[in-house]
Amino acid sequence: MTTALLEVEDLRVAYGKIEAVKGISFTVAEGSVTTLIGTNGAGKTTTLRTLSGLLRPVGGSIRFDGRTLGSVPAHRIVSLGLAHSPEGRHIFPRMTIEENLLLGAFLRKDQPGITEDIERAYTLFPILGERRKQAAGTLSGGEQQMLAMGRALMSRPKLLMLDEPSMGLSPLMMQKIMATIVELKAAGTTVLLVEQNAQAALSLSDQGYVMQTGRIVLSGTGAALLRDESVRRSYLGED
Amino acid sequence: MHTLPQQLANGLFLGATYGLIAIGYTMVYGIVQLINFAHGEIFMTGGFGALTVYLALPHGTSLWLALPLMLIGGAITAVLIALGAERFAYRPLRTAPRLAPLIAAIGLSLGLQQAVHNLYPKATSPRAFPQMQAGPWNVGSIHIQSGDLFTIVAAPICMIILAVFVQKSRTGRAMQATAQDPDTAQLMGIDTNRIIAAAFAIGALFAAVAAVCYGLRYGEVDYSMGFQAGLKAFTAAVLGGIGNIYGAMLGGLVLGLAEAMATAYISDIPGMHQLGGGSWASVWAFVLLILVLLLRPQGLLGERVADRA
Ligand SMILES: Nc1ncnc2c1ncn2[C@@H]1O[C@H](COP(=O)(O)OP(=O)(O)O)[C@@H](O)[C@H]1O
Ligand SMILES: [Mg+2]
């Protein structure tokens with residue numbers, strides 16, 4: 001594998017006295033798609049929110065693109081090249097699609113580049129282009145997910161973190177999202193994906209980690225995890 | 001003096017002042033869901049800041065010259081106090097239980113009143129505010145005082161600037177984003193602490209303008225003037241739909257008009273002759289608030305809570 005863009009070591013995160021992430025270590029290689037899978041409450045969202053600075057770790061280290069995060073405020077993280085499309089999409093409901101996309105480029109000053117990237121988002125997700133002046137809150141779940149992804153891409157991130165992009169989507173919509181992730185990878189974006197839908201996620205992942213109650217219990221290439229007996233039992237609904 | 005147009009005009013002047021103060025409640029609430037009960041006192045300090053500047057000017061300075069300087073002085077005073085309150089009282093309590101910042105706000109409110117009462121020279125009783133040596137003017141049957149003239153010029157200018165700022169400026173868009181979803185706003189690279197401070201500062205700025213309106217209208221400023229005015233403005237903010245800046249202004253105008261109408265006309269209704277007059281105005285203002293909230297719990301222009309992020 002190539003160099004690691006993200007290196008997480010012995011990361012621990014707590015809500016009050018309750019530790020939700022209990023010392024996890026993983027890496028995300030440059031140019032790869034890396035997936036965290038695990039049941040509800042495993043600590044995946046907590047991990048991503050810590051990486052993007054919304055939560056402070058109680059221990060461990062985060063190295064991203066040669067810098068140490070962990071005490072960098074959330075609003076500075078995106079400018080380092082780390083974008084986060086949060087669980088539940090969290091688009092700005094009372095703003096238009098275009099305004100949402102523009103907020104994704106909030107820190108950028110290169111107006112021509114921004115315009116170009118907005119057009120790119122509309123090419124990637126044509127439905128967003130058709131509705132650019134519509135309030136984002138009126139979109140369907142799948143469309144909101146596209147918007148959340150498009151918005152995260154507007155910062156031209158080195159690493160794109162997607163928290164359960166397929167949640168609540170129709171199978172067709174989910175395929176579209178997964179296909180987009182493959183496209184993004186081909187275009188050189190590194191992706192850290194969190195999914196409940198292990199089958200879909202692992203089949204497009206270079207590397208995968210399985211989380212369980214705050215710990216990483218298994219890791220391997222996407223293909224290897226898909227073949228793993230315990231993964232098939234616990235996450236792919238096979239007995 | 002007792003004509004309908006005159007009462008409407010009185011209501012608008014009063015309401016515009018309420019609306020300017022209400023902006024502060026509504027902006028802060030819209031972004032951090034905090035009712036800043038010290039905002040009435042921030043308004044009051046704006047009045048004293050303006051007065052201080054006037055007193056520092058050479059005797060006999062024309063008010064036309066003094067007024068802009070007074071506005072700047074009032075604004076600086078109010079904004080600094082609001083920023084201090086945000087930084088040292090509210091921000092440390094942002095993740096504390098809801099009651100904590102509320103208690104801090106009440107403490108701050110009483111503290112500011114006492115500070116002005118005890119420390120500002122001769123502020124134990126109302127201090128005279130300079131009056132413009134112009135007017136009154138008669139427009140048709142309406143009699144306009146010079147202080148009111150200032151209000152009808154200042155309030156719309158302030159509102160237009162604010163609307164353009166919120167809609168068009170980078171900081172304004174960041175404010176909207178922070179109001180709708182503060183965590184996600186941070187993910188966009190927005191420094192939400194800065195945005196929250198900006199909301200407090202804008203609220204204080206408008207309160208200072210309102211304090212000058214108040215001083216010119218009533219001819220005095222008083223350490224306790226923030227209580228009534230603050231309560232009315234808060235009512236206006238809720239009436240218009242708290243969190244909505246246009247709602248704050250509309251709520252202020254509706255409230256001002258209602259008070260003026262009630263003062264003038266309630267006593268003409270058979271059997272209610274004792275319930276009119278100025279002393280009952282506040283009561284009718286709250287009756288109106290209750291009626292509106294019964295019919296539209298989110299306020300006139302408020303959004304339903306379900307729409308919030
Ligand atoms: N804001 C919070 N306060 C307290 N506990 C939380 C909070 N968010 C998540 N948790 C707890 O932390 C654990 C991990 O949650 P989360 O990271 O959301 O898991 P996942 O994303 O894998 O479903 C769970 O036990 C959850 O109940
Ligand atoms: Mg989750």
Side-chain angles (χ1 to χ4, degrees), chain A residues 15-16 45 48-56 72-96 98-109 111 114 135-138 144 147-148 150-157 160-163, chain B residues 26-27 29-33 87 91-92 94-97 100 163-199 241-247 298-299 301-309:
Chain A
Y15 296 103
T45 296
L48 292 200
R49 287 174 65 84
T50 308
L51 294 177
S52 57
L54 292 172
L55 295 171
R56 290 269 160 265
V72 179
H75 66 90
R76 297 254 171 77
I77 299 255
V78 66
S79 61
L80 304 179
L82 210 176
H84 182 176
S85 169
E87 181 178 79
R89 307 181 274 267
H90 286 268
I91 44 99
F92 297 102
R94 296 193 292 283
M95 296 199 197
T96 66
E98 190 139 316
E99 286 168 338
N100 267 271
L101 290 173
L102 282 169
L103 277 166
F106 186 74
L107 295 178
R108 289 175 56 184
K109 303 273 189 280
Q111 198 50 56
I114 294 173
T138 63
Q144 291 191 6
L147 179 57
R151 184 182 62 182
L153 285 168
M154 287 301 297
S155 63
R156 290 199 178 169
L160 173 66
M161 303 198 296
L162 302 170
D163 195 344
Chain B
T26 229
M27 289 201 58
Y29 183 86
I31 290 180
V32 284
Q33 282 79 53
R87 182 65 191 82
R91 194 182 298 184
R94 209 175 287 152
T95 54
V164 170
F165 173 79
V166 169
Q167 294 298 326
K168 303 282 179 223
S169 77
R170 218 170 101 83
T171 307
R173 277 187 290 116
M175 268 180 177
Q176 291 183 52
T178 306
Q180 291 181 35
D181 195 329
D183 275 357
T184 308
Q186 291 191 63
L187 295 181
M188 304 296 110
I190 295 168
D191 182 351
T192 50
N193 276 333
R194 235 194 80 236
I195 295 301
I196 292 166
I242 192 143
N244 184 312
I245 55 170
Y246 308 103
Q298 71 273 35
L301 300 184
E303 277 138 41
R304 275 166 292 119
V305 176
D307 288 353
R308 294 195 70 90

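Between the side chain of A:R76 and the backbone N or O of B:D191, no donor-acceptor pair lies under 3.5 Å.
Atom CE of B:M188 and atom OG of A:S155 lie 8.0 Å apart (nearest 0.5 Å). In this structure, A:H75 NE2 and B:I195 CD1 are separated by 10.5 Å, a value rounded to the nearest 0.5 Å.
Between A:A74 and B:Q186, the closest heavy-atom pair is CB-OE1, 3.2 Å.
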Chi angles and distances behind the side-chain contact (heavy atoms from CB on, under 4.5 Å) call for B:I190, A:L103: CA-CA 9 Å; B:I190 295 168; A:L103 277 166; 3.9 Å; yes
Verdict with reasoning, A:L54 to B:L187, per side-chain contact (heavy atoms from CB on, under 4.5 Å): CA-CA 8 Å; A:L54 292 172; B:L187 295 181; 3.7 Å; yes
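The shortest side-chain heavy-atom distance between B:Q176 and A:R94 does not fall under the 4.5 Å cut-off.
Judged by the 6.0 Å and 45° rule, B:R173 forms no cation-pi pair with A:F106.
Comment: B:D183 engages A:R49 in a salt bridge, judged by a side-chain N to carboxylate O separation of less than 4.0 angstrom.
In B:R194, the CZ atom is not crowded: 12 or fewer heavy atoms of neighbouring residues, nucleotides or ligands sit closer than 6.0 Å. The 12-atom threshold is exceeded at NZ of A:K109, counting heavy atoms of other residues, nucleotides or ligands nearer than 6.0 Å.
Among A:L107, A:V78, A:L82, the residue making the largest number of heavy-atom pairs under 4.5 Å with chain B is A:L107.
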